[in-house]
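First the structure, in the form of C-alpha cells, and then the observations on it.
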There are 2 protein chains.
Amino acid sequence: MLTSSQQQLLRVISESGPLSRTVLAASMGLSKAAMSGITRDLISLGVLHETETIYGQGRPSILLDLHPEGAFFVGISLLEDPAPMVLSDFNGNIIARQTMPLSRDPEIIAELIAEALPKLLAEREDIARKLSGIGIALSGFVDEKQASCVQSTLLGWKDVPLASIIRQKTGIDTFIENDAKAVAVSEKLFGSTRDAQNFSVVSFDDGIGCAHFVGGKLYRGNHGGAGEIAHCTIEANGSPCRCGKRGCLDTVASMKAIKEMARAEGLACNSLNDLEAEASLGNAAAIRILHRAGSALGLAIAHLIQFNDPGMILITHVEGRFDGLFGTVMRQAAEANVLPRYAGQTPIRTQRVDGDVWARGAASIAAHNFLIGPSPN
Amino acid sequence: MLTSSQQQLLRVISESGPLSRTVLAASMGLSKAAMSGITRDLISLGVLHETETIYGQGRPSILLDLHPEGAFFVGISLLEDPAPMVLSDFNGNIIARQTMPLSRDPEIIAELIAEALPKLLAEREDIARKLSGIGIALSGFVDEKQASCVQSTLLGWKDVPLASIIRQKTGIDTFIENDAKAVAVSEKLFGSTRDAQNFSVVSFDDGIGCAHFVGGKLYRGNHGGAGEIAHCTIEANGSPCRCGKRGCLDTVASMKAIKEMARAEGLACNSLNDLEAEASLGNAAAIRILHRAGSALGLAIAHLIQFNDPGMILITHVEGRFDGLFGTVMRQAAEANVLPRYAGQTPIRTQRVDGDVWARGAASIAAHNFLIGPSPN
DNA sequence: GACAATAAGTTCATGAATTGAACAAATCAA
DNA sequence: TTGATTTGTTCAATTCATGAACTTATTGTC
C-alpha cells in the first residue's frame, strides 16, 4: 500500500505527464526535500522512472514518469460473448489479448478467468510477477467499493460479490465497474481527458452510457447510477422503451435504435456509415432518422451541460463517422439548447475507439485502484 | 487558520451532530491520543464545547459540539432592494436583522455594508469581537475562490472582485456565492441535509435555482455554472425565454412564469396559493397552468435524478403550499420520468423557507469558509 | 578555457502530527 | 465492595515533512 503523498504524486503525474522533482514539489505543495525521498521510494518500487533530461539554465532537470512496466493489469469485458480479455501496462498499452466464453454464473466466470490467465501471461514471467490487478466491466450497477454487482439486467444479477469470488479463485486483487464508468476512467487515466478535473464521457454504441468526473474523481452517484442518461425522457410521448417508459434517449439515439428505425423504413443498415451514405444521397428516411437521433443526443448533452457545467464532453464511439449528418445535428442541437450566453463554452469532442474499449476500460479500473487506491470515503 | 485535522473534525461534527472524542477518533481514523489534543485545542479556541454526558457501561462519554457562540457571521442578499442583512451564529440561528439599500456599484455596496455593520452589531461587543466573516449571495456566476463575480445579468457585472473590495472596506473576511449555491450550503451546514453526501437543492421562487453537493462538497461546475437548470429546454418549441431560447424550464415552472400565465388567463394570482385555490374550485385554466408547471418541474427533476443519481432532492420554496396540485403533479412527473426500476428511490423533499433564505445562505458561505476553509484545489 | 550564474536535486538536523501503550477516571453490575 | 468496562489523558517513540546548507550539472560570459 502506498502513502497518501505517494498516491498524490502518482495522480499528479498521471494527470500532467512527466514532471521534474522540483515541479512536482511545487505543484503538490511539498518541499524539494520531501519530494526527494518520495520519488526515491517510488523509483525503487519500480513504479516511477527517470525519462528525459531537460537542459536549460542551471542543472538540468530530469523528468519522472510512470514506469510503463511498473505494473500490469488484466481487463475483462462481460458485455460480449466471447468476453474479451486484455493485458495492459501502466500506460494503457495492450500487451496481449485473449477471449473467454461468457457465463452468467459468477463461480464459472471466476473459473474461466483463472483458466485464461495463464494463456494471457504465457511466456511472460516477468509480467506475471508484476500483475497487480484484474478489472471487470459489466452492464449494471456496482457498489462503491467496486466489489459487488448490485444489479444487472443483462447478466440477471442482484447483489453478486463478483470481485471477491474472482479474487479468491485467482489470488489477484479484483475490481468491477459499470461499463460506461470504466471507459471514463480509462480516458482519465490513459486517454485524452487526463488533465481535466470535471468532464463527462458519453459512450455511444448499441446502447448509450455516460459517466461523470467531478473534481478529478469519478462520481458514481448515490446508488452508483450517475450518468444513466440512456433512460432520460427526451421525446414526450415517444416510442415505448424496454424500460417501461416512453421516449427514452435509448429509443431514438442509440445505435441499436438507429438500426431498428432504419430497418423499419426498409433501409439496409449495418452501421452508422451505411445510413450516413444513404442520407448524403438524399434518402429522406435516412435523413429523418439521423436528424431525430442527432437532435435527441444533442438535447441530452445540452441538459448535461446545463445541469453539471462539465469542462468537456467526450463522446466515444466505435461506429465510423461522427462528422456526418448525425454528428452535425447532434452538435447543433447541443448548442441550441444551452443558455445562449454559454453556447460553445463546453467543448464536445468525439473520439473513435476500437473494440478493446470495454476491456481496456476494465483494466483501467484495476490500474486506478493500484495507482490511487480506493476512494477515501 | 485551522489544521486539516481540525477542519476535518469540524466537518464531521457539522455532518453528524454532537459526538464523543472516542467516536470522533474512530470515524476520522485517528487515535484517541490524537483526538485528545485536537479537541483540547479547538475547545480552547472557543469553537468546540462539551455538551451532554452519555451514561452507559464504563466511563460516561462527553459529547462535543460546535460552540454556537464560537463565531458569528454576517450574510447579505443582493437579490432584493432593500438588501436583507442578517447576523448568524455558528448554528445558523439569526441573532439580528438589518436592511441596506441595494446598489450596483461595488464600492458603494462595500460602503453601505461598512455603515450597516455597526447597527447590526450594536450593543453586542462580545459578538462583534467574534465576527468571523461576511457572506454575500447574488444572482450570477462566481469564481471558484468565491471572491469575484464573473458575470451577473441582474447586477450588470462582469469580473467584479466584490469580496476583496468589501474586505478592504470592512476589514472582515468576505466571500460571495451564487444565490442557489448559497442556499444549498446553508442546508448542508445548518439545515436538513447535514449528513447527506450527494444531494441537490432546488430553490423554487420567482426564478428556479439549483445546486449540487457531490461527495460532501459543493460542486460549482467547471465555470461555476453547475445547477443552472432554469434554462434547460423542457418544452420543445415552447414559449420564448428572455435568455433567447424557447421552452426553458424558467418559462413554465418558475413562480414568475406561473403568475404571468395566470394573469394572461385573466386570473387574479399573487401567489401559488391563490392559484391552487382556484384549481381546487375547478377552474380549468388554473388547473392547466399548475399541471403544465408541475410536469415541467417534475421532468427537470427526473432528468436530475437520471443524470446525477443524487441521494436526495430538496426543494426549498417561499410560496405556501407544495402539497396541492402543483406539488402532486411535480412528484408524479418526476416519478414517471425516471427509470421505472428506480422510481421512488430518490427522496424528493420540499421545505418551506422564510424570507431570510438568501441572507442566511449568504451567512452560511462565510461560516463554511471559516469551518472548512477554501477548497483545496 | 576559466569562472560566475543559475537551477536541480540531496543531505541532515529539527519540528510537528500522530501513534501505541500504559494509565487514570468514571461509571455499571454483581 | 470489587470487578468489568469504557472514556479520555499522558508520554516516549515514530513518521512525515521542512529549512538551510550543500553538491551537482549545466549555460553564459569574458
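This one's a predicted model, so the numbers in the text were calculated from it and none came from an experiment. Letters A, B, ... are given to chains in the order of the sequence lines, protein chains preceding strands, and every chain is numbered from 1. Just the heavy atoms: all of them, side chains too, but no hydrogens, waters or symmetry mates, feed the values below.
- Residue Ala33(B) places its side chain closer to dC11(D) than to any other of dT26(D), dT18(D), dC11(D).
- Checked against dG8(D), dT6(D), dT18(D), the side chain of Ser61(B) finds its nearest nucleotide in dG8(D).
- Look at Glu50(B) and Arg21(B) and you find a salt bridge, because one of the NZ, NE, NH1 or NH2 atoms lies within 4.0 Å of a carboxylate O, short of that distance.
- Relative to the six-membered ring of Phe141(B), Arg220(B) misses at least one condition, a distance below 6.0 Å or an angle of at most 45° to the axis.
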### Task
Test Leu10(B) against Ile372(B) for side-chain contact (heavy atoms from CB on, under 4.5 Å), laying out the working first.
CA-CA 7 Å; Leu10(B) 294 177; Ile372(B) 321 283; 5.6 Å; no
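- Among the heavy atoms of the strands lying under 4.0 Å from Ser5(B) are primed sugar atoms or P, OP1, OP2 only; no base atom is included.
- Side-chain proximity of Pro60(A) to dA25(D), dT18(C), dG9(C): nearest is dA25(D).
- Heavy atoms of Gly37(B) sit nowhere under 4.0 angstrom from any nucleic acid atom.
- A straight line from CD of Glu52(B) to C1' of dT7(D) spans 16 Å, rounded to a whole angstrom.
- Distances shown here put a side-chain N or O of Thr22(B) below 4.0 Å from the OP1 or OP2 atom of dG8(D).
- Contact check, Arg21(A) against dT24(D): no side-chain N or O comes under 4.0 Å of OP1 or OP2.
- Taking atom NZ of residue Lys32(B) and atom C1' of nucleotide dA22(C), one finds them 11 Å apart after rounding to whole Å.
- The side chain of Ser20(A) places an N or O atom within less than 4.0 Å of a non-bridging phosphate oxygen (OP1 or OP2) of dG9(C).
- Mapping Gly58(A) and Arg40(A) onto DNA chain C via the closest heavy atom, the residue that lands nearer the 5' end is Gly58(A).
- Among the nucleotides dT19(C), dG28(D), dT18(D), the one closest to the side chain of Leu30(A) is dT18(D).
- Taking every side-chain heavy atom of Ile38(A) into account, dA17(D) is the closest of dT7(D), dT26(D), dA17(D).
- Put simply, the side chain of Arg59(A) and the base of dA8(C) share a donor and an acceptor less than 3.5 Å apart.
- Between Arg194(B) and Glu187(B), no side-chain nitrogen of the basic residue sits less than 4.0 Å from a carboxylate oxygen of the acidic one, so the salt-bridge criterion is not met.
- Listed for the Asn178(A) side chain is a donor-acceptor partner under 3.5 Å among the backbone atoms of Ala180(A).
- The side chain of Gln57(A) has dG28(D) as its nearest neighbour among dT18(D), dG28(D), dC16(D).
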